[in-house]
Protein chains: 2
Amino acid sequence: MFSIGQLSKQTGVKVPTIRYYEQVGLLVSAGRTEGNQRRYDKDGLERLGFIRHARDLGFSIEAITALIDLQQHPDRSCQQATEIAQHQLTDVREKLLRLKALETELVRIADGCDGEGNSDNCYVLASLADHQHCRGEH
Amino acid sequence: MFSIGQLSKQTGVKVPTIRYYEQVGLLVSAGRTEGNQRRYDKDGLERLGFIRHARDLGFSIEAITALIDLQQHPDRSCQQATEIAQHQLTDVREKLLRLKALETELVRIADGCDGEGNSDNCYVLASLADHQHCRGEH
DNA sequence: CTTGAAGCTCTAGTCACTAGAGGTTGTAGA
DNA sequence: TCTACAACCTCTAGTGACTAGAGCTTCAAG
C-alpha cells in the first residue's frame, strides 16, 4: 500500500495533481486510512501510470476518461480506442503544421533585424505591424 | 471613427476579445460617445492589427505588452524587440520538437492496431498502459 | 417615434492544473 | 510513551486568454 506521496514519486505525477485527477473522476476514489489519508495499491499505481502516459502524449482528460471507460468494458470494441488515438494524431499533426508556419515566419522576423537600430525603424516591430510582410498564411 | 463591431470586422478580432484586451491594458482605453460606447480611429485599428498578428504568431499578452511599450519609446534599442522575437522562436522550436516526438509515438500506437479486437487485447490501450513500449522519450 | 441590432458592465465558466491557508495524521527517534 | 515534524487533509482562489450569459442602455434606420 502506498501513500499519495509514494505514488507521486513512483509516477512523477505531483500530489495535488493526483488529488485533482480523483476530483474530476479520472482516478477512482482511493481507499482511506482511519485518519482519512489515501492509500493506493498496485492497481492504483498502474492506473495513474496509464493516465500519466496518455497526458504526456497530449490526450485530454476527456479522452482519457473515455479510454479508461473502454478498458473497464472489455466487451466493447477496440475500434473506439483506435479512433480516439487517431483523433489525437490528427490534432497533433495540425498543430505541427501550424507551428512550422510560425517558425518560418518568426525566423524571417527575428533574424531580419540586426538589433542595432532603434525601435523607430525596427524590423521586428514593422513586421508585426504589417501583415503584408508575411509570405505565408496564419 | 469605428464602433467596436466595425473594428472587430476589420481585424477579425471578436468584440469581447477587444474589450478583454482593453481590460488587461493591451489596448489603450478607447474614446467614448456621450452614450458610453467605444469609438476607435485609424490608430486604434493599427494597434489592434499589430496585436492580432502577434497573437497569431503565439506571442503572449505579456510579450506583446512589452513590444508595444518599445514601440512607444522610439529612443530605446530595437535589440529588446529582437530578443523577444528570438525568445518566441526558441519557444516555438521547442514545441515543434516535442510535437514531432508525440507524432512518432502516436503513429506507432494508433496505426499499430487494426481496430478489430476487443479492448482486452487492444494495442492502443496496452501501449498507453506500458511506457516500456515507447521507443523515444517524452 | 419605434424597433431591434449592437453596445454596455459584471460575473462566471473553460482547461489542467498550481498555490496557499489552516488544520490533522503518521511515524521515527528519544 | 512522548514529541517533533513531514506529510497528509480540505477548501478556496489563481493561472492564461479568452468565452458565455444576464440584464440593461444606446444608436441608427425606417
Requested in this report: Could you please spell out the steps behind the side-chain contact (heavy atoms from CB on, under 4.5 Å) verdict for B:Thr104 and B:Arg108?
Outcome: CA-CA 6 Å; B:Thr104 307; B:Arg108 197 182 63 69; over 6 Å; no
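- Distance alone, capped at 3.5 Å, places no donor-acceptor pair between the B:Arg39 side chain and the B:Thr33 backbone.
- A pairwise comparison of heavy atoms in A:Ala81 and B:Val124 identifies O-CG1, 3.8 Å as the closest pair.
- At its two ends the helix from C:dC1-D:dG30 to C:dA30-D:dT1 runs along axes set 10° apart, each axis drawn from five pairs and the angle rounded to 10°.
- Nearest heavy-atom pair, B:Val107 versus A:Arg93, reported as atom, atom and distance to 0.1 Å: CG2-NH2, 3.2 Å.
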Report summary line: Per-nt protein contacts along nucleotides 9-18 of chain C (heavy atom under 4.0 Å; B base, S backbone sugar-phosphate only, - none) come out as B------BBS
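- If you check residues 86-94 of chain A against DNA chain C, you find no residue with a heavy atom closer than 4.0 Å.
- Every residue two or more places apart in sequence or in another chain that forms a salt bridge (charged side-chain N to carboxylate O under 4.0 Å, His left out) with B:Lys95 is listed here: B:Asp91.
- Taking CG of A:Leu70 as the start and SG of B:Cys122 as the end, the distance is 8.0 Å to the nearest 0.5 Å.
- Distance CZ (B:Arg39) to C1' (D:dA28): 11 Å, rounded to an integer number of Å.
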**Report entry** Pair B:Leu128-A:Leu57, side-chain contact (heavy atoms from CB on, under 4.5 Å): steps then yes or no
**Finding:** CA-CA 9 Å; B:Leu128 287 171; A:Leu57 287 167; 3.6 Å; yes
Query raised in the report: When you look at B:Lys42 and B:Glu46, which way does the salt bridge (charged side-chain N to carboxylate O under 4.0 Å, His left out) test go after all the steps?
Result: CA-CA 6 Å; B:Lys42 200 164 157 284; B:Glu46 276 166 18; 3.1 Å; yes
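- Counting heavy-atom neighbours within 6.0 Å of B:Gln10 CD, excluding the residue itself, gives a total above 12.
- Straight-line distance from the CG atom of B:Leu26 to the P atom of D:dG16: 13 Å, rounded to whole Å.
- We find that CD of B:Gln6 is positioned 8 Å from P of C:dG7, with the value rounded to whole Å.
- A distance of 12.5 Å separates CG in A:Leu48 from CZ in A:Arg55, rounded to the nearest 0.5 Å.
- A donor-acceptor pair under 3.5 Å is absent between the side-chain atoms of B:Ser8 and the main chain of B:Ile4, judged by distance alone.
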Which atoms of nucleotides 4-6 of chain C (N or O only) lie under 3.5 Å from a protein N or O atom, and what are those distances?
none

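- Atom CE of B:Met1 and atom C1' of C:dG7 are 15 Å apart (whole Å).
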Query raised in the report: Yes or no on side-chain contact (heavy atoms from CB on, under 4.5 Å) for B:Glu105 and A:His53, after CA distance, side-chain angles and deciding distance?
Result: CA-CA 11 Å; B:Glu105 175 66 7; A:His53 194 185; 4.1 Å; yes
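- Residues passing the side-chain hydrogen bond (donor to acceptor under 3.5 Å, both in side chains) test with B:Asn36 are B:Arg32, sequence neighbours excluded.
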